[in-house]
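Positions are given from 1, in the same order as the sequence printed here.
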Amino acid sequence: MAANDGEEEATVSLVDVLEEDEELENEASAVLGGSDSEKCSYPEGYVKRQALYACNTCTPKGGEPAGICLACSYKCHEGHDLFELYTKRNFRCDCGNDKFGEMECKLFADKEKVNSGNKYSHNFFGLYCTCDRPYPDPEDEVPDEMIQCIVCEDWFHGRHLGCVVPDCVELQEMICESCMNKTPFLWNYAAHIAVPAITKVSQCKGEEDVKVEVNGTSACKRKHQEETEGSSEEGSCSGCRLREMKSSGKSRTLQGAVFWPSAWRTKLCTCTDCKVLYADAGVSFLTDEMDTVLAYENKGKSTEQAEQAGGAEGRDPLMSALNNLNRVQQLEIIHEYNDMKTELKDYLQRFAAEGKVVTPEDIRQFFEQQQSRKRRRANAGHQYSFCSDEMADIHIHVCWVNSSIGNICLVKPMQALFQVVEVQL
């Protein structure tokens with residue numbers, strides 16, 4: 001691909017082609033985290049945090065809510081109508097217990113009748129937010145993002161939080177207004193270390209939100225002034241940090257959800273009295289940095305990197321195979337890859353629209369169709385076939401992303417066997 005006016009030739013490498021998919025790979029790894037896709041998590045007890053699903057086929061609305069682990073969603077509920085719940089804390093897999101009638105878990109059948117320590121919500125029936133609607137909602141045409149409260153772990157539309165959502169929300173944690181009111185001492189912390197409140201004038205469907213800055217500070221500006229304030233308060237406390245905050249007289253409007261900056265949990269007082277306060281309110285997990293979704297995601301990424309490092313020279317087998325091809329062959333492979341990616345996206349759209357989880361059988365069917373079409377083309381014209389054992393057993397994450405709001409709707413890890421890559425010359 002020569003450029004005009006004597007410019008250097010533009011080089012296309014496999015890395016350039018695959019870079020656009022790297023972010024989706026990272027998101028898939030983050031969602032799956034440290035969850036085991038082969039073994040039921042029940043023997044581990046109430047897992048600190050794990051990916052969860054609810055089966056609308058086995059436990060539909062009107063019955064008892066139940067949650068299943070990642071492995072059971074694959075092995076025991078393949079082909080079922082599943083709700084993806086992202087992650088939840090302190091949950092034990094329900095698959096095959098009394099809530100599922102005569103159905104037994106295929107991975108670990110010896111389970112108690114119920115898991116009394118589990119907490120459930122309308123999420124387990126595919127409903128979210130104060131509006132009690134499904135997600136994605138076919139009747140809602142308003143583009144909006146869903147944000148999870150770190151206390152109740154329900155998901156809320158940004159426009160239903162009673163405040164303006166900060167621009168840098170992905171760097172923060174959110175506690176909904178209902179949970180703030182159930183733990184009123186958090187309002188004292190909010191006045192000192194939370195992202196400054198911005199009121200929302202209009203929440204009407206289809207109308208634009210009006211932002212009103214408080215004290216002339218944008219909600220996304222968590223600059224050194226706030227950080228310094230929090231640090232000085234932390235360092236000056238000789239006793240209970242919460243008691244000193246209360247006596248300072250600083251307050252904020254007790255309305256709307258509250259967004260908290262990175263590392264805000266480290267500023268919570270951990271004196272004996274406050275620990276009792278957290279326990280009584282059922283929020284002791286707030287003082288645990290490993291409870292955060294960020295910590296869970298980092299665990300997933302570390303696991304993924306460790307698995308990749310265990311391969312040949314820590315490199316992806318596809319990358320290793322393509323490095324052995326000449327430039328013409330690499331470009332042909334790239335064109336084939338782009339075609340396959342487009343066709344796979346179209347194939348997965350119906351699963352995303354119906355809220356179904358993609359199964360290994362679905363992926364096998366897709367590639368069988370691909371091979372069938374290639375054989376027909378081979379009969380009609382000359383084909384070049386490149387075979388490599390190094391390209392076998394490549395781990396793929398299939399991740400469907402709702403581009404309008406950037407939230408993951410469907411994530412499923414797959415194993416695909418690329419034995420022959422056929423390229424048209």
Side-chain angles (χ1 to χ4, degrees), residues 33-34 41 44-50 52 87-92 115-121 147-154 156 161 163 171-197 222-299:
S41 65
E44 301 176 35
Y46 292 90
V47 180
K48 194 168 189 175
R49 183 170 293 280
Q50 64 175 315
L52 285 181
T87 72
K88 292 189 182 293
R89 69 170 64 87
N90 299 331
F91 198 93
R92 196 172 197 182
N115 295 316
S116 58
N118 285 350
K119 293 183 179 179
Y120 305 93
S121 68
I147 305 172
Q148 188 179 37
C149 171
I150 64 169
V151 176
C152 65
E153 298 190 298
D154 195 1
F156 298 84
L161 289 174
C163 67
L171 302 177
Q172 304 165 12
E173 292 188 305
M174 183 273 289
I175 300 180
C176 69
E177 182 177 354
S178 175
C179 288
M180 288 294 297
N181 290 332
K182 291 176 182 176
T183 51
F185 60 87
L186 287 177
W187 288 113
N188 298 108
Y189 283 109
H192 290 79
I193 61 177
V195 175
R222 298 178 287 109
K223 294 192 178 290
H224 293 297
Q225 181 180 354
E226 286 180 48
E227 302 279 338
T228 304
E229 263 185 33
S231 298
S232 62
E233 287 168 354
E234 182 176 355
S236 64
C237 287
S238 56
C240 176
R241 196 175 307 161
L242 177 59
R243 188 178 300 114
E244 291 193 9
M245 287 184 177
K246 289 180 178 179
S247 62
S248 71
K250 188 175 182 179
S251 63
R252 65 180 276 164
T253 304
L254 310 184
Q255 181 181 353
V258 176
F259 288 85
W260 306 81
S262 176
W264 72 278
R265 298 190 187 209
T266 61
K267 297 181 174 65
L268 296 176
C269 182
T270 55
C271 72
T272 303
D273 290 341
C274 282
K275 286 182 177 180
V276 173
L277 182 65
Y278 302 149
D280 290 343
V283 293
S284 296
F285 54 82
L286 289 179
T287 60
D288 181 5
E289 280 292 297
M290 296 307 296
D291 169 78
T292 65
V293 173
L294 178 60
Y296 172 85
E297 291 179 347
N298 288 337
K299 176 184 177 183

Next item on the list: Work out which heavy atom in Ala197 is nearest to a heavy atom in Arg252; give both atom names and the distance.
Entry: CB-NH2, 3.0 Å

Notebook entry, point to check: Can you find a pair of side-chain heavy atoms, one from Ile147 and one from Leu161, that are under 4.5 Å apart?
Noted result: yes

Please tabulate, one pair per line, all N/O donor-acceptor pairs under 3.5 Å involving side-chain atoms of residues 175-183, not counting sequence neighbours.
unit_1: Glu177; atom_1: OE1; unit_2: Gly256; atom_2: N; d: 3.2
unit_1: Asn181; atom_1: OD1; unit_2: Trp187; atom_2: NE1; d: 3.3
unit_1: Asn181; atom_1: ND2; unit_2: Glu177; atom_2: O; d: 3.3
unit_1: Thr183; atom_1: OG1; unit_2: Cys179; atom_2: O; d: 2.7

Check: Which pair of non-hydrogen atoms, one from Met245 and one from Ile193, has the smallest distance, and what is that distance?
Finding: CE-CG2, 4.4 Å

Check: Do the side chain of Ser41 and the main chain of Glu44 share a donor and acceptor less than 3.5 angstrom apart?
Finding: no

Next item on the list: Output the distance between atom OG1 (Thr292) and atom CG (Asn298), rounded to the nearest 0.5 Å.
Entry: 7.5 Å

Check: Is there a donor-acceptor pair under 3.5 Å between the side chain of Arg241 and the backbone N or O of Lys267?
Finding: yes

Check: So which heavy atom on Leu242 is nearest to which on Cys274, and how close?
Finding: CB-SG, 4.0 Å

Next item on the list: Provide the full list of salt bridge (Lys or Arg N to Asp or Glu O under 4.0 Å) pairs with a residue in residues 281-292, sequence neighbours left out, each pair given once.
Entry: Lys48-Asp288, Arg49-Asp291, Arg89-Asp291, Arg265-Asp291

Check: OG/Ser262 to CG/Leu294 distance, rounded to the nearest 0.5 angstrom?
Finding: 7.0 Å

Notebook entry, point to check: Residues in side-chain hydrogen bond (donor to acceptor under 3.5 Å, both in side chains) with Asn118, at least two apart?
Noted result: Asp94, Tyr120

Next item on the list: Provide the closest heavy-atom pair for Phe156 versus Cys149 in the form atom of the first, atom of the second, distance.
Entry: CE1-CB, 3.8 Å

Next item on the list: Grab the two heavy atoms, one from Lys275 and one from Thr270, that are nearest each other, plus how far apart they are.
Entry: CE-O, 3.2 Å

Note to self: Is there a side-chain contact between Met174 and Gln148 in this structure, where contact means two heavy atoms from C-beta onward sitting under 4.5 Å apart?
What the structure shows: no

Notebook entry, point to check: Taking C-beta and beyond as the side chain, do Leu186 and Leu286 meet within less than 4.5 Å on heavy atoms?
Noted result: yes

Next item on the list: With sequence neighbours left out, write down each residue that passes ring pair (Phe, Tyr, Trp, His ring centres under 6.0 Å) with Tyr278, or none if nothing qualifies.
Entry: Phe185

Item checked: side-chain contact (heavy atoms from CB on, under 4.5 Å) against Ala263, all qualifying residues, sequence neighbours excluded -> Thr266

Note to self: Just to verify, what does Ser248 make a side-chain hydrogen bond (donor to acceptor under 3.5 Å, both in side chains) with, not counting sequence neighbours?
What the structure shows: His192

Next item on the list: Search all heavy atoms of Ala194 against all heavy atoms of Phe259 and return the closest pair with its distance.
Entry: CB-O, 3.6 Å

Item checked: Close side-chain approach of Tyr189 and Trp264, heavy atoms under 4.5 Å -> no

Note to self: My understanding is that only residues two or more places apart in sequence, or in another chain, count here; which of them pass side-chain hydrogen bond (donor to acceptor under 3.5 Å, both in side chains) with Tyr46?
What the structure shows: none

